[in-house]
Structure formats: C-alpha cells, structure tokens
Asker: 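Just passing along the structure, written as structure tokens.
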Amino acid sequence: MNAPADVEALYRALLAGWNRRDAAAWGDLFTSNGSLVGFDGSQVDSRRAIVAHLAGIFADHEPAAYVGKVKEVRPLAPGVALLRAVAGMVPPRASAVEPSVNTVHVLVAVEGDGAWRVAHFQATPASFHGRPEAVEALTVELQAEFDAGRI
C-alpha cells in the first residue's frame, strides 16, 4: 500500500463524510477505539461515541462544509502515519471560506487488515492571535482550494 496516498485518501473521505452530514460514514473511518478532539475542545472516545456525537451535531443544525489542504503525511512506524492539514469551512449556501473557523487538522492513521483507519483526529482553531495577516493568508489559500472544487 502507498501510505501517503492512502492516508490522504482517508482524510479526504473524512471531509466528504462530514460534508454529506453522514455520521455513520464518518465513524466507519475510525478504529473501534478511535478518538477525536473537536474544534470546540470536545473529546470523544470510541467509534460508537463518535457516530453518536456527530449524529447529534448533524440533527441540530446544518454545519458548514469543509475544504482542506494536506500539508504533510509522514510515516511514524510501519502501519502508522501522521497527517497534518489546514481546513476552512464554507457556511451553507455560501461561496466563501469563513476565516473565524479556519482550523489545523491532525490525523493519526493506522493500517490493519489492508485498510487505513483513523486512530485519532484533532481540529485546532487556526486563530493566529495577533497575526491577522496569517489568518488572511490561510483564508486565501483555502478559498483557492474551494474555488478549484477541492474539498
């Protein structure tokens, strides 16, 4: 298997599942004991809890869609890789990335039974305190991804 390409495909599938508001598909990408730390700091442990957490979010409101750009995929050990990405969110029926919710994504992937799964996913706000030029630069970068039709 090609770890960098496969792990990037796993990340893209994660974004696509979110954008379809499909909690079950999102959860299926995680290991059974996978975990996540959400943008707001919510910590969720286990595939089952992740699906329930996202189902609640999707039932409550129509969240913005993700657009992401992979910055690095780095093998850490055989069958273990780290992905770092930046992501923005485009509100429903909008066509522009909302800078206030730009984020840095970190995903730890593990390979087992011929497939890569998410062991841990974390979204950290990319607010760049005191550096509005960094927020603007990231927003421009993510808007270009959105405009090109990439999620």
Side-chain angles (χ1 to χ4, degrees), residues 1-58 63-90 97-131 133-151:
M1 296 187 86
N2 180 353
D6 292 341
V7 173
E8 183 168 346
L10 176 64
Y11 175 69
R12 296 279 171 215
L14 199 67
L15 296 185
W18 174 277
N19 291 348
R20 288 191 315 271
R21 291 144 183 87
D22 187 340
W26 221 73
D28 285 345
L29 299 171
F30 282 77
T31 61
S32 62
N33 64 346
S35 59
L36 71 82
V37 177
F39 185 83
D40 68 350
S42 296
Q43 297 179 50
V44 186
D45 296 314
S46 86
R47 177 189 299 146
R48 179 184 215 144
I50 289 166
V51 170
H53 177 75
L54 287 177
I57 290 171
F58 297 153
Y66 272 123
V67 57
K69 185 173 185 180
V70 173
K71 294 296 191 171
E72 172 188 27
V73 177
R74 178 178 8 134
L76 299 176
V80 181
L82 172 77
L83 177 141
R84 288 184 316 108
V86 291
M89 300 192 90
V90 179
V97 171
E98 172 51 52
S100 68
V101 287
N102 288 348
T103 184
V104 175
H105 285 163
V106 175
L107 181 150
V108 177
V110 294
E111 183 182 25
D113 298 325
W116 286 90
R117 296 263 182 249
V118 179
H120 182 74
F121 178 76
Q122 182 161 343
T124 302
S127 48
F128 303 110
H129 298 293
R131 295 183 290 146
E133 69 284 353
V135 173
E136 177 62 24
L138 179 55
T139 302
V140 167
E141 181 179 8
L142 293 168
Q143 186 67 47
E145 294 293 304
F146 180 76
D147 292 344
R150 293 184 285 268
I151 61 166

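All residue numbers in this chain count up from 1 along the given sequence.
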Asker: Using the side-chain contact (heavy atoms from CB on, under 4.5 Å) criterion, which residues pair with Ala23? Sequence neighbours excluded.
Answerer: Val51, Leu54, Ala55, Phe58
Asker: With sequence neighbours excluded, what pairs up with Phe121 under the ring pair (Phe, Tyr, Trp, His ring centres under 6.0 Å) test?
Answerer: Trp26, His105
Asker: Could you tell me which residues satisfy ring pair (Phe, Tyr, Trp, His ring centres under 6.0 Å) with Phe128, sequence neighbours excluded, listed by chain and number?
Answerer: none
Asker: Would you mind writing out the side-chain donor-acceptor pairs for residues 81-90 within the sub-3.5 Å range, not counting sequence neighbours?
Answerer:
unit_1, atom_1, unit_2, atom_2, d
Arg84, NE, Glu72, OE1, 2.6
Arg84, NH2, Glu72, OE1, 3.2

Asker: With side chain to side chain contact (heavy atoms under 4.5 Å, CB included) as the test, would you mind laying out the steps for Thr124 and Val106 before giving the verdict?
Answerer: CA-CA 8 Å; Thr124 302; Val106 175; 5.9 Å; no
Asker: Suppose we screen for side-chain hydrogen bond (donor to acceptor under 3.5 Å, both in side chains). Which residues come up paired with Ser46, at least two apart in sequence or across chains?
Answerer: none
Asker: If you look at every heavy atom in Ile57 and Pro63, which pair is closest and at what distance?
Answerer: CG2-CG, 4.4 Å
Asker: Is there a side chain to side chain contact (heavy atoms under 4.5 Å, CB included) between Leu14 and Tyr66 once you walk through the steps?
Answerer: CA-CA 10 Å; Leu14 199 67; Tyr66 272 123; over 6 Å; no
Asker: May I ask you to decide if Gly68's main-chain N or O and Arg12's side chain share a donor-acceptor pair within less than 3.5 Å?
Answerer: yes
Asker: Shortest non-hydrogen contact from Ala65 to Asn19?
Answerer: CA-OD1, 3.2 Å
Asker: Quick test of your reading: applying salt bridge (charged side-chain N to carboxylate O under 4.0 Å, His left out), list the pairs with at least one residue in residues 24-49, sequence neighbours left out, ordered by first then second residue.
Answerer: none
Asker: Run the side-chain contact (heavy atoms from CB on, under 4.5 Å) test against His120 and tell me which residues pass, sequence neighbours left out.
Answerer: Ser35, Val37, Val108, Gln122
Asker: How long is the straight-line distance from CG of Asp6 back to CH2 of Trp116, given to the nearest 0.5 Å?
Answerer: 7.5 Å
Asker: Just verifying a value: how many Å separate Tyr11 OH and Leu29 CG, rounded to the nearest 0.5 Å?
Answerer: 13.0 Å
Asker: Looking at residues at least two apart in the chain, or sitting in another chain, which of them share a side-chain contact (heavy atoms from CB on, under 4.5 Å) with Pro75?
Answerer: none
Asker: Enumerate, atom names and distances included, each donor-acceptor pair closer than 3.5 Å involving a side-chain atom of residues 138-149, sequence neighbours excluded.
Answerer:
unit_1, atom_1, unit_2, atom_2, d
Thr139, OG1, Asn102, ND2, 2.9
Thr139, OG1, Val135, O, 2.8
Glu141, OE2, Lys69, NZ, 3.1
Glu141, OE2, Lys71, NZ, 2.5
Gln143, OE1, Val97, N, 2.7
Gln143, NE2, Ser95, O, 3.0
Gln143, NE2, Asp147, OD1, 2.9
Glu145, OE1, Arg150, NE, 2.9
Glu145, OE2, Arg150, NH2, 3.3

Asker: Taking side-chain contact (heavy atoms from CB on, under 4.5 Å) as the definition, give me every residue that meets it alongside Asn33, ordered by chain and number, with sequence neighbours left out.
Answerer: Thr31
